[in-house]
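First the structure, in the form of structure tokens, and then the observations on it.
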Number of protein chains: 2
Amino acid sequence: MLQASADIDTSATLTERQKAVLDAALRLLVEEGDNLTMTAVARRASCSKETLYKWFGDRDGLLTATVQWQASKVRVVPVDGEKLDLASLTASLEGFASDWLKVISSDTSIALNRVAVGHAGSGKDDLGAIVLENGRFALARRLKPVLLAGKQAGLLDFADAETAFRSFFGLVARDVQIRLLLGDRLELTEAAIGGDAVRATQQFLALFGAKTGPQGL
Amino acid sequence: MLQASADIDTSATLTERQKAVLDAALRLLVEEGDNLTMTAVARRASCSKETLYKWFGDRDGLLTATVQWQASKVRVVPVDGEKLDLASLTASLEGFASDWLKVISSDTSIALNRVAVGHAGSGKDDLGAIVLENGRFALARRLKPVLLAGKQAGLLDFADAETAFRSFFGLVARDVQIRLLLGDRLELTEAAIGGDAVRATQQFLALFGAKTGPQGL
DNA sequence: GGCAAGCCGTACCGTACGTTACGGTTCGCC
DNA sequence: GGCGAACCGTAACGTACGGTACGGCTTGCC
């Protein structure tokens, strides 16, 4: 909720070389978790520690820069809420669901969430806030317009978009993220994700679909 | 899923003094997160480091013992699935929901999940498995009999108890746990938890309630 | 060519912390 | 009272790692 400004165009101020270094740090983070060392990053990125400190100031600085760099890579196009019928709404929801499942089950997301959760305990940096802002809250920002358009079109019925979103979120994610973060092996094949997406969407529509149906017909 | 034996009667083999030490470690874990030091635990528990190492072998040993000790404290009575009508089923589900919300929003649960998530990255110990086993999987084991009884009584309709459970889980927890783990301030008052519990239960019944109603009447 | 800036590689320093060692004290037992 | 075991408090050791310093190399500019 803070970070509203901190996540804008950090990529603009980064040189190509710096991006490459952050990519290396990211890969290392996925492999090693939070116990990566500055020397390891330097070696992997073929740069000197002095450079790391000059550019990012600090180990925490490097970590936050890495997280922000990854966040900036997944910036997505906002869906346009035109031409809304039940089919397109369903398709849109299914798309959101399967995208989200793909994200939270990806190696990089798991690694990033792990370090952010770990750091959230002792409030040295705002990794948790950044991840939250670019994950769950970004999803809400993108999904709510769709929900509101669905309500406008008489396809959905809810009092509060936030509440509706959180129920959708729960139906999609269920126990997947916490299990993955805690190290549970959980095979999420493309097919399983697709199936979960349609199931979650159907359940959501069953709960929040307008009783009257599209009233215009 | 492993840990099936590792969580039984660890408390039986512990002396009172050892339990006190683990309680101290637990309190410290809540306050300091994963960056607690052996010296701090020793000081807080008024014991010597030598004793810590003799009893728990290792820092990781102390951590796992602490987590298991906390897990052993929340062992609960299995609900009996007799006298099942819609009212009692609803009450039971609401009870599970509010209990679960209370657990995952408690300070100790947050702290324990944080360290477990952190350690799940580099597989030194099985903290993640332990937490999972005594958290999400324990909940499933307790809830599934209720669900099956509800199905038996014609109140619920589902093909697979696991799938039904996971939907219930999602409707109850939604984004609460991940937000709390990532450091989001999230006021969960007693009243809010109660409200969420009935909402989640209603949604679950709307999705999985038998279309026919209790047919025996 | 000369020079300055940026960067690589590496050696170095300081410190925090896990782990071990040891002297002193209590307590149960003979 | 004497003895051994368990334990407390603390000092000491080893090491890993964050952070800094420095010498050499490239690159672009004059």
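Excluded from the calculations below are hydrogen atoms, water molecules and symmetry mates; all remaining heavy atoms, backbone and side chain alike, are included. Protein chains get the first letters and strands the later ones, always in sequence-line order, with residue 1 at the start of each.
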*Check ion pair A:Asp196-A:Arg174 (N to O, under 4.0 angstrom)*: yes

*Checking all strands, does B:Leu52 fall into the base, sugar-phosphate, or nothing category for heavy-atom contacts under 4.0 angstrom?*
nothing

*Closest-nucleotide ordering on DNA chain D, the 5'-leading residue of B:Ala45 and B:Lys49*: B:Ala45

*So, do A:Arg59 and A:Leu36 sit near enough that their side-chain heavy atoms are less than 4.5 Å apart?*
yes

*Side chain proximity check, A:Val115 to A:Thr66, heavy atoms < 4.5 angstrom*: no

*Tell me, yes or no, whether the heavy-atom count around B:Lys124 atom NZ, taken from other residues, nucleotides or ligands under 6.0 Å, exceeds 12.*
no

*asked:* Nearest 0.5 angstrom please: A:Arg199 CZ to A:Gln203 CD, how far?
replied: 4.5 Å

*When all nucleic acid strands are considered with a 4.0 Å heavy-atom cut-off, which category describes A:Leu36: base, sugar-phosphate, or nothing?*
sugar-phosphate

*Do B:Phe158 and B:Leu148 have side-chain heavy atoms sitting under 4.5 Å apart?*
yes

*Spacing between A:Phe56 atom CZ and D:dG18 atom P, to the nearest angstrom*: 15 Å

*How close or far is atom C1' of D:dA11 from atom CE of B:Met38, stated in whole angstroms?*
17 Å

*Starting from C1' on D:dA6, measure out to NZ on B:Lys54 and report it in whole angstrom.*
6 Å

*OP1 or OP2 of D:dC7 sitting under 4.0 Å from any side-chain N/O of B:Trp55?*
yes

*CG of B:Asp60: more than 12 outside heavy atoms within 6.0 angstrom?*
yes

*Can you tell me how far P of D:dG19 sits from OH of A:Tyr53, to the nearest Å?*
4 Å

*For B:Gln18 and D:dC7, give me the distance from atom CD to atom C1', rounded to whole Å.*
12 Å

*Are more than 12 heavy atoms from other residues, nucleotides or ligands located less than 6.0 Å from atom CG of B:Asn35?*
yes

_D:dC8 phosphate, OP1 or OP2, under 4.0 Å from B:Thr51 side-chain N/O_ = yes

Pairs under 3.5 angstrom, nitrogen or oxygen only, protein versus nucleotides 14-16 of chain D, please.
none

*Length of the CG-P vector between A:Asp60 and D:dC17, whole Å*: 16 Å

*asked:* Using a heavy-atom cut-off of 4.0 Å across all strands, would you classify B:Ser46 as base, sugar-phosphate, or nothing?
replied: sugar-phosphate

*A:Phe204 and ring-ring contact (aromatic ring centres under 6.0 Å, His included): which partner among A:Phe169, A:Phe165, A:Phe168?*
A:Phe168

*If you walk 5' to 3' along DNA chain C, what is the first nucleotide with an atom under 4.0 Å of a heavy atom in chain B, and what is the last?*
C:dG18 to C:dC22

